[in-house]
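Sequence lines set the chain letters: A, B, ... in the order given, protein chains first and strands last, and positions in each chain run from 1.
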Protein chains: 2
Amino acid sequence: MSIQRVDAATTTELIRPHGCPVMAFQAMISGKYKIRILWDLKDGPRRYSEIRAGLLSGATGTREIAPRVLSRELKALAEAGMIARKDYGLVPPKVEYRLTEAGKGFIPIIAVIRDWGERHLATRPPGG
Amino acid sequence: MSIQRVDAATTTELIRPHGCPVMAFQAMISGKYKIRILWDLKDGPRRYSEIRAGLLSGATGTREIAPRVLSRELKALAEAGMIARKDYGLVPPKVEYRLTEAGKGFIPIIAVIRDWGERHLATRPPGG
DNA sequence: CGGTATCCTAGTAGATACTG
DNA sequence: CAGTATCTACTAGGATACCG
């Protein structure tokens, strides 16, 4: 059949229906930057490059984030209905991402998780 | 150097310190069954095989769960302080897992996530 | 600027066999 | 019973080059 390894990531990675809301949640946040993207957008719309810069500055490590990865996560979040993409149709391009109502409603959930995590999860300061 | 691919999963998979509580949370629940394991344990201690059976019956698909995977997730949850393992030292072996206080405190968080997910996430009934 | 196309590495889950 | 050992398939993430 010569299936040729089409870089599976690019083909499959978006479609994943889940019967359980908790599993759906887990799928929605799966990915290294999704929660941070949502959190960053809580203060208002941001452009692709601004999101990227924000992810670098608050960084987990201070590595580059591959454009491919950011692009994929933004698409998935849009697909999940958490964010909306607005293309201004300009050259050079200008595209903004902002939270949808569902996305805004998720922000308090992140806060709950953060508060609980601070209390119960062993976190180490970067370098500890 | 002949590094030989030592099955990285068996060596690395436990150690992962995170500075951010939300990232720590994400790491803690990462894995296909962790949340469901915690949820299953909310009603009391369970043995390895009982947990396994429970994961099969409520199943996402109705596949087998590899013992290797369950074992790894249980270890990770114990490492994260969410569950405790009790070995009765018998032959044939009897081992029970139960929620720690931190684990018990996580149950309401799951409920919050579930409620939010039901409202805002597109879930499809299995087969839809 | 906002991505896509390719290639690569490492980790995660499954199947199966086997052990104390 | 409660796992470990081994092998394989698939996927997420990173690096880099390039396009409209």
Side-chain angles (χ1 to χ4, degrees), chain A residues 1 3-16 23 26-34 36-37 45-53 55-56 59-76 78 83 85-97, chain B residues 3-16 23 26-27 29-34 36-37 45-53 55-56 59-76 78 83 85-97:
Chain A
M1 294 268 280
I3 305 229
Q4 277 287 11
R5 183 95 172 71
V6 191
D7 196 359
T10 48
T11 61
T12 321
E13 66 202 356
L14 289 177
I15 313 129
R16 224 175 309 163
M23 296 294 104
Q26 207 172 350
M28 189 276 282
I29 64 161
S30 81
K32 198 166 179 179
Y33 307 103
K34 294 218 188 96
R36 289 178 59 200
I37 291 168
R46 297 245 184 285
R47 300 177 65 171
Y48 180 94
S49 48
E50 293 172 335
I51 295 171
R52 189 152 188 254
L55 291 173
L56 285 173
T60 315
T62 320
R63 295 211 191 99
E64 274 292 315
I65 163 170
R68 174 185 190 282
V69 176
L70 180 54
S71 174
R72 192 203 324 139
E73 303 214 342
L74 288 169
K75 268 183 192 161
I83 65 175
R85 193 188 106 114
K86 177 163 187 178
D87 189 335
Y88 286 83
L90 303 174
V91 243
K94 174 176 177 176
V95 177
E96 269 181 4
Y97 293 90
Chain B
I3 305 224
Q4 278 287 10
R5 186 91 172 71
V6 192
D7 196 0
T10 49
T11 60
T12 320
E13 65 200 358
L14 290 177
I15 313 128
R16 224 175 307 162
M23 296 295 105
Q26 208 172 349
I29 64 162
S30 81
K32 199 165 178 179
Y33 307 102
K34 293 217 189 99
R36 289 178 58 203
I37 291 168
R46 295 246 184 287
R47 299 177 66 170
Y48 179 93
S49 48
E50 292 172 335
I51 295 171
R52 189 150 189 255
L55 291 172
L56 286 174
T60 314
T62 322
R63 296 213 190 96
E64 274 292 315
I65 163 169
R68 174 184 189 281
V69 175
L70 180 53
S71 174
R72 190 199 331 136
E73 303 214 341
L74 288 168
K75 268 183 193 160
I83 65 174
R85 192 189 106 114
K86 177 163 187 178
D87 189 334
Y88 286 84
L90 303 174
V91 242
K94 174 175 176 175
V95 177
E96 269 181 3
Y97 293 90

**Asked** At their closest point, which heavy atom of B:Lys34 faces which heavy atom of B:Glu73, and how far apart are they?
**Response** N-OE1, 3.1 Å
**Asked** When you match A:Gly31 and B:Arg47 each to their closest nucleotide on DNA chain D, which lands nearer the 5' end?
**Response** B:Arg47
**side-chain N/O B:Tyr97 vs D:dC1 OP1/OP2, d < 4.0 Å** = no
**Message:** Has A:Glu50 got a side-chain atom pairing as donor or acceptor with A:Glu96's backbone, closer than 3.5 angstrom?
**Reply:** no
**Complete:** Side-chain atoms of A:Arg85 come closest, of D:dA2, D:dG14, C:dG2, to C:dG2
**Request:** Taking all heavy atoms of A:Ile51 and all of A:Arg46, pick out the closest pair and write down the distance.
**Result:** CG1-CB, 3.7 Å
**Message:** Does a side-chain N or O of B:Tyr33 approach OP1 or OP2 of C:dG14 to a distance below 4.0 Å, or not?
**Reply:** yes
**Message:** Please report the distance, rounded to the nearest Å, between CG in B:Leu70 and P in C:dT16.
**Reply:** 18 Å
**Request:** Mind listing the closest non-hydrogen atom pair of A:Leu56 and A:Ile65 along with its distance?
**Result:** CD2-N, 4.0 Å
**Request:** Send over the distance from A:Leu74 CG to C:dG3 C1', rounded to a whole Å.
**Result:** 10 Å
**Message:** Can you see if the side chain of B:Ser49 gets near the phosphate of D:dC1 - specifically, an N or O under 4.0 Å from OP1 or OP2?
**Reply:** no
**Fill in**
Smallest heavy-atom separation, B:Ala27 atom then B:Ser30 atom, equals O-OG, 2.9 Å
**With sequence neighbours excluded, residues passing side-chain hydrogen bond (donor to acceptor under 3.5 Å, both in side chains) with A:Arg52** = A:Glu64
**Message:** With nearest nucleotide decided by heavy atoms, which residue, B:Glu73 or A:Val95, maps closer to the 5′ end of DNA chain C?
**Reply:** A:Val95
**Complete:** Side-chain contact check for A:Arg72: nearest option of D:dG14, D:dA12, D:dA2 is D:dA12
**Asked** Is A:Lys75 near enough to C:dT4 that one of its side-chain N or O atoms lies under 4.0 angstrom from OP1 or OP2?
**Response** yes
**Working for side-chain contact (heavy atoms from CB on, under 4.5 Å), residues B:Tyr48 and B:Leu70** = CA-CA 9 Å; B:Tyr48 179 93; B:Leu70 180 53; 3.9 Å; yes
**Fill in**
Per-nt protein contacts along nucleotides 15-20 of chain D (heavy atom under 4.0 Å; B base, S backbone sugar-phosphate only, - none) come out as BB---B
**Request:** Choose from D:dG14, D:dC1, C:dG2 the nucleotide whose nearest atom is closest to any side-chain atom of A:Lys32.
**Result:** D:dG14
**Prompt:** Rounded to the nearest Å, what distance is computed from the CG atom of residue B:Leu55 to the C1' atom of nucleotide C:dA13?
**Reply:** 14 Å
**Item:** OP1 or OP2 of D:dA2 under 4.0 Å from side-chain N/O of B:Ser71
**Value:** no
**Request:** Figure out the CG/C1' separation between B:Leu90 and D:dA2, and round it to whole Å.
**Result:** 12 Å
**Asked** Roughly, in whole Å, what's the span from CD in A:Gln26 to P in C:dT12?
**Response** 13 Å
**Asked** How long is the line joining CG of B:Asp87 and P of D:dC1, in whole Å?
**Response** 15 Å
